[in-house]
J.: 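Can you keep this structure in mind? I'll have questions shortly.
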Amino acid sequence: MNEIDILAIFAHPDDVELTVGGTLLKMKSLGYKTGALDVTKGEMGTRGTVTGRAEEADEAAKILKLDVRENLELPDGHVWLTEETRTKLVRVLRRLKPKVLLTHQIDDPHPDHNHITQIVREAARLASMQKYDGDFGQEKIKVPIVAHNIFSQRVMPSFIVDVSEFSAQKTEAIRAHKSQFYNPESIEPETRLTGKGFIDELENRSRYFGSLIGVTAGEPFYVREALNVEDPIALLTRPMNLYS
Ligand SMILES: [Zn+2]
């Protein structure tokens with residue numbers, strides 16, 4: 001049985017590590033089953049090869065302790081919301097049965113990222129309708145909730161996950177993508193991501209979002225739907241060390 005609790009669906013083989021690596025490590029430490037679905041193989045990337053990037057993704061998956069890491073194999077740079085892409089994702093969702101999906105930010109400026117938010121939101125809903133792709137023989141699932149990682153635009157987070165304990169492992173998982181980030185020995189072209197300062201930038205970002213809830217490192221999420229809260233006192237009295 002490959003069923004998981006939470007699935008991170010991002011465009012390129014290192015996007016999961018850059019955005020929600022800490023949250024996935026934390027969920028694993030709480031006993032949940034975690035997974036990543038890379039939508040493309042990243043073949044449009046300036047650096048690296050498809051095979052090399054797949055090996056790096058496997059290495060990073062071990063560091064993130066993922067139960068599942070798969071690739072949807074859509075063409076990098078040409079990801080669109082279509083009947084075919086929705087159905088492909090519905091089949092994965094019905095097989096893995098995640099309760100929560102993490103994905104890119106709505107209206108992310110990268111077209112693949114943005115189209116993936118559309119595919120994820122529609123597939124999440126369609127997976128709950130038995131007659132959609134019914135001939136394929138899978139059972140419908142309950143609609144998984146979609147939480148969008150906030151990365152490229154300023155959006156007020158719906159919640160921030162305290163990932164302070166997992167910062168070092170998150171960075172290690174990012175560095176497993178050796179072809180993509182700072183490597184003084186590489187002879188491939190430089191990009192913004194391969195500069196020395198990029199990992200610092202990511203750590204500063206985590207520190208900033210952590211500071212909003214009074215912890216060392218945080219990962220921010222936006223949920224478009226209203227949240228159903230059982231106990232507002234328990235929720236609202238979670239420590240935010242800002243006030244002490
Ligand atoms: Zn990406």
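Residues take their numbers from the sequence shown, with the count starting at 1. This structure is a prediction, so every number in the text was calculated from the model and none was measured.
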J.: Decide, yes or no, whether a salt bridge links Arg53 with Asp14 under the criterion of side-chain N to carboxylate O below 4.0 Å.
T.: yes
J.: Is Glu56 close to Lys178 at the side-chain level, that is, under 4.5 Å between some pair of heavy atoms?
T.: yes
J.: List for me each residue that meets side chain to side chain donor-acceptor pair (under 3.5 Å) alongside Thr49, sequence neighbours excluded, and say none if there are none.
T.: none
J.: Do the charged groups of Glu83 and Arg86 touch, with an N to O distance under 4.0 Å?
T.: yes
J.: Could you tell me whether Asp5 and Lys33 make a salt bridge, using a distance below 4.0 angstrom between a side-chain N and a carboxylate O?
T.: no
J.: May I ask you to test the Thr117-His148 pair for a side-chain heavy-atom distance under 4.5 Å?
T.: yes
J.: Give a yes or no on whether a salt bridge exists between Arg47 and Glu190, defined as a side-chain N under 4.0 angstrom from a carboxylate O.
T.: yes
J.: Is it possible for you to check whether Arg91 lies under 6.0 Å from the centre of the six-membered ring of Phe136, through NZ or CZ, and within 45° of that ring's axis?
T.: yes
J.: Below 6.0 angstrom between ring centroids: does that apply to His104 and His110?
T.: no
J.: When you compare the side chain of Val16 with that of Leu64, does any pair of heavy atoms fall below 4.5 Å?
T.: yes
J.: Any carboxylate oxygen within less than 4.0 angstrom of a Lys/Arg side-chain nitrogen, looking at Asp76 and Lys41?
T.: no
J.: Decide, yes or no, whether a salt bridge links Arg95 with Glu3 under the criterion of side-chain N to carboxylate O below 4.0 Å.
T.: no
J.: Counting only heavy atoms from other residues, nucleotides and ligands, does the tally under 6.0 Å from CD of Gln130 exceed 12?
T.: yes
J.: Between Lys28 and Asp67, is there a salt bridge with N-O shorter than 4.0 Å?
T.: yes
J.: Does a side-chain heavy-atom distance below 4.5 Å link Thr194 with Gln180?
T.: no
J.: With a 6.0 Å cut-off (strictly less than), is the heavy-atom count around CG of Leu30, excluding the residue itself, greater than 12?
T.: yes
J.: Using the test side-chain contact (heavy atoms from CB on, under 4.5 Å), find all partners of Pro144 that sit at least two apart in sequence or belong to another chain.
T.: Leu101, Ala124, Ile141
J.: Can you find a pair of side-chain heavy atoms, one from Tyr132 and one from Val90, that are under 4.5 Å apart?
T.: yes
J.: Tell me, please, which residues at least two apart from Glu201 pass side-chain contact (heavy atoms from CB on, under 4.5 Å).
T.: Arg192, Phe198, Arg205
J.: Report yes or no: do Ile160 and Val215 belong to one cluster of Ile/Leu/Val/Met/Phe/Trp/Tyr joined by side chain heavy-atom distances under 4.5 Å?
T.: yes
J.: Any heavy-atom pair between the side chains of Thr85 and Val79 that's under 4.5 Å?
T.: no
J.: Identify whether the distance between the nearest side-chain nitrogen and carboxylate oxygen of Glu225 and Arg121 falls below 4.0 Å.
T.: yes
